[in-house]
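Working notes for the structure below.
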Amino acid sequence: MEDSEQIVLAEMLQSAEDAAPVEAVEAVTGAIASALNALGVSLLIADLSGRALVRLTHQPGADGPGRLQDEEAAEVLPFDGGPYEQAVRHQVPQVLPGDGRWRLLAPVTERGEAIGLLEIDLPDEPDAEVIARVARTAHALAFVIIANRRHTDLFEWGQRSTPFTLSAEIQRRLLPASFTCESGAFTISGWLEPAASVGGDTFDYSVARDVLHVSVTDAMGHGVASALTATLGVGSLRNTRRRGLSLTAQADEANRAIAQHANVRGAYVTAVLGRIDLPTGRCELLNAGHVPPILVRDGRATALELPGNFPLGMFPEAGFRSEEIALRPGDRLVVVTDGMRERNAAGLDLPAALLDIAPLHPREAVRALSDAVLAIAGPALADDATLMIIDWYDGHGPRRSTAGADTSRASIPPD
């Protein structure tokens with residue numbers, strides 16, 4: 001990186017630090033526009049549906065496109081297969097000629113999390129050096145967004161194209177801050193397609209120095225009661241995980257916590273808990289009354305037969321057993337909730353669908369599978385449909401670019 005570019009990045013970050021959290025992105029895009037002599041710069045963030053981008057603008061005293069709140073405007077741009085969608089899904093910058101200007105779209109991504117796009121209008125066609133420079137700048141912008149969205153609701157509000165119910169708000173807080181994480185040994189991505197009445201599904205993960213911790217849970221029932229039961233389960237699992245307890249001990253404590261504190265009599269949570277030893281690929285799994293995990297290996301999708309356990313909270317004194325499998329480079333581990341399998345969704349041939357999407361990055365695979373469920377079951381699901389996909393590389397993962405994402409895999413399956 002040239003000294004001049006380092007200076008620009010330093011000025012950009014200082015501009016973000018000097019600005020209020022809601023103004024940080026505007027300060028940064030202003031610095032970018034000045035450095036590149038740009039005709040215009042915009043940030044488009046990914047909608048929570050995963051099927052659109054949202055242009056956020058500050059418009060004092062004016063009516064803007066899309067939703068308005070105070071002086072903030074959010075314009076939803078649905079994916080249509082065009083260059084904006086391709087830039088997000090393929091994680092490759094797009095250059096578009098226009099009327100007297102050139103538009104450059106650069107993915108704003110961190111560790112595979114597709115935060116959005118940086119849209120820059122330039123007076124001249126950008127060469128490879130300018131495109132690479134903008135890609136690096138967009139990557140830096142991802143950190144600005146991540147840092148500042150902790151302090152404001154602006155980005156969260158912009159991403160919500162439909163209002164949340166109270167139960168959905170509670171459920172949202174139980175999910176990880178980023179749905180995707182890339183590393184040398186693995187890539188993990190989760191997705192939750194909510195039911196019309198939230199069904200209490202969650203997924204979670206945490207990366208330690210040598211261990212990847214994962215969980216997928218499904219609380220019984222719907223609505224606020226289900227979300228509160230899910231809160232007990234996830235809260236207990238996170239607490240015991242952070243205390244360094246084993247998988248079986250985590251299940252034991254969550255089982256007692258739900259049985260003792262749930263407000264609904266007979267409440268329970270089904271779950272798959274996992275620990276992957278990153279240096280070796282040893283994967284310990286515990287199934288508490290949940291849909292069996294699926295291993296995609298060598299062109300086959302096989303449900304894993306794990307020791308049977310009762311759901312968490314069903315019997316306070318129940319014991320739990322886990323089992324260990326050895327992951328091989330190229331393996332894909334898939335965990336879903338029963339919303340992917342019941343009622344109309346049962347019409348989906350899940351093993352066949354998993355093989356069809358095998359070439360996809362996990363970030364795109366979870367969304368493709370969710371789209372497949374919606375296509376069969378309809379837009380209003382009877383139960384939450386949640387899934388988590390883990391690709392295991394054994395330290396020899398796909399190349400990650402300076403843009404903060406894996407760029408060596410196909411994002412869209414071939415026709």
Side-chain angles (χ1 to χ4, degrees), residues 179-181 185-193 199 201-205 212-218 247 251 269-277 281-309 311 320-377 381 383-394 397 409 413:
F179 285 10
T180 299
C181 180
F186 68 90
T187 295
I188 184 171
S189 193
W191 193 253
L192 189 157
E193 198 65 48
D201 282 15
T202 73
F203 64 89
D204 199 18
Y205 70 88
L212 171 64
H213 304 267
V214 300
S215 68
V216 175
T217 66
D218 182 0
L247 277 194
V269 175
T270 69
V272 168
L273 313 180
R275 290 168 52 102
I276 299 176
D277 184 74
R282 292 195 304 271
C283 176
E284 182 186 6
L285 293 169
L286 186 152
N287 187 339
H290 200 82
V291 180
I294 298 172
L295 181 66
V296 181
R297 172 184 287 172
D298 298 332
R300 298 181 61 188
T302 306
L304 295 176
E305 296 183 4
L306 301 174
N309 297 291
F320 294 88
R321 296 180 298 158
S322 65
E323 187 169 296
E324 189 175 280
I325 66 170
L327 295 177
R328 304 174 188 170
D331 280 355
R332 169 169 284 184
L333 184 64
V334 182
V335 185
V336 304
T337 59
D338 60 7
M340 297 287 298
R341 306 297 293 153
E342 65 185 22
R343 299 189 184 181
N344 292 337
L348 175 67
D349 185 341
L350 185 57
L354 290 174
L355 296 181
D356 286 342
I357 63 174
L360 296 186
H361 184 285
R363 178 189 60 247
E364 300 304 322
V366 293
R367 293 175 182 175
L369 203 55
S370 179
D371 287 345
V373 169
L374 289 177
I376 290 176
L381 297 178
D383 196 7
D384 294 349
T386 301
L387 55 152
M388 174 182 284
I389 290 179
I390 305 165
D391 282 0
W392 173 252
Y393 309 126
D394 192 25
R409 304 185 57 157

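For reference, positions follow the sequence shown, starting with 1.
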Supply the atom-to-atom distance [X] [atom1] to [Y] [atom2], rounded to the nearest 0.5 angstrom.
| X | Y | atom1 | atom2 | answer |
| --- | --- | --- | --- | --- |
| Ile389 | Trp191 | CD1 | CH2 | 12.5 Å |
| Ile357 | Leu369 | CD1 | CG | 4.5 Å |
| Leu212 | Cys181 | CG | SG | 8.0 Å |
| Phe186 | Asp394 | CZ | CG | 13.0 Å |
| Ser189 | Leu360 | OG | CG | 11.0 Å |
| Arg328 | Asp298 | CZ | CG | 6.0 Å |

Side-chain donor/acceptor of [X] to backbone N/O of [Y], under 3.5 Å:
| X | Y | result |
| --- | --- | --- |
| Asn309 | Arg321 | yes |
| Asn287 | Leu306 | no |
| His290 | Pro311 | no |

Nearest heavy-atom pair of [X] and [Y]: which atoms, and what distance?
| X | Y | answer |
| --- | --- | --- |
| His213 | Arg275 | CE1-NH1, 3.4 Å |
| Val373 | Ala385 | CG1-CB, 4.5 Å |
| Leu286 | Ala251 | CD1-CB, 4.0 Å |
| Pro292 | Leu304 | CB-O, 3.6 Å |
| Met388 | Ser215 | CE-O, 3.7 Å |
| Val366 | Gly190 | CG2-O, 4.1 Å |

Quick one: are [X] and [Y] in side-chain contact, heavy atoms under 4.5 Å?
| X | Y | value |
| --- | --- | --- |
| Thr187 | Tyr393 | yes |
| Thr202 | Asp204 | no |
| Pro362 | Arg332 | yes |

* Please determine which of Thr386, Thr270, Thr217 meets the side chain to side chain donor-acceptor pair (under 3.5 Å) test together with Asp201. =>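 Exactly one candidate clears the test, Thr386.
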
* To do: Step through the shown structure and confirm whether more than 12 heavy atoms of other residues, nucleotides or ligands are within 6.0 Å of CD on Glu324.
  =>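 Count over threshold, so yes.
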
* **Side chains of Thr337 and Asp218, donor plus acceptor under 3.5 Å** =>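 No, no side-chain donor-acceptor contact under 3.5 Å.
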
* Pick from Ile276, Leu295, Leu333: which one makes a side chain to side chain contact (heavy atoms under 4.5 Å, CB included) with Trp392? -> Ile276

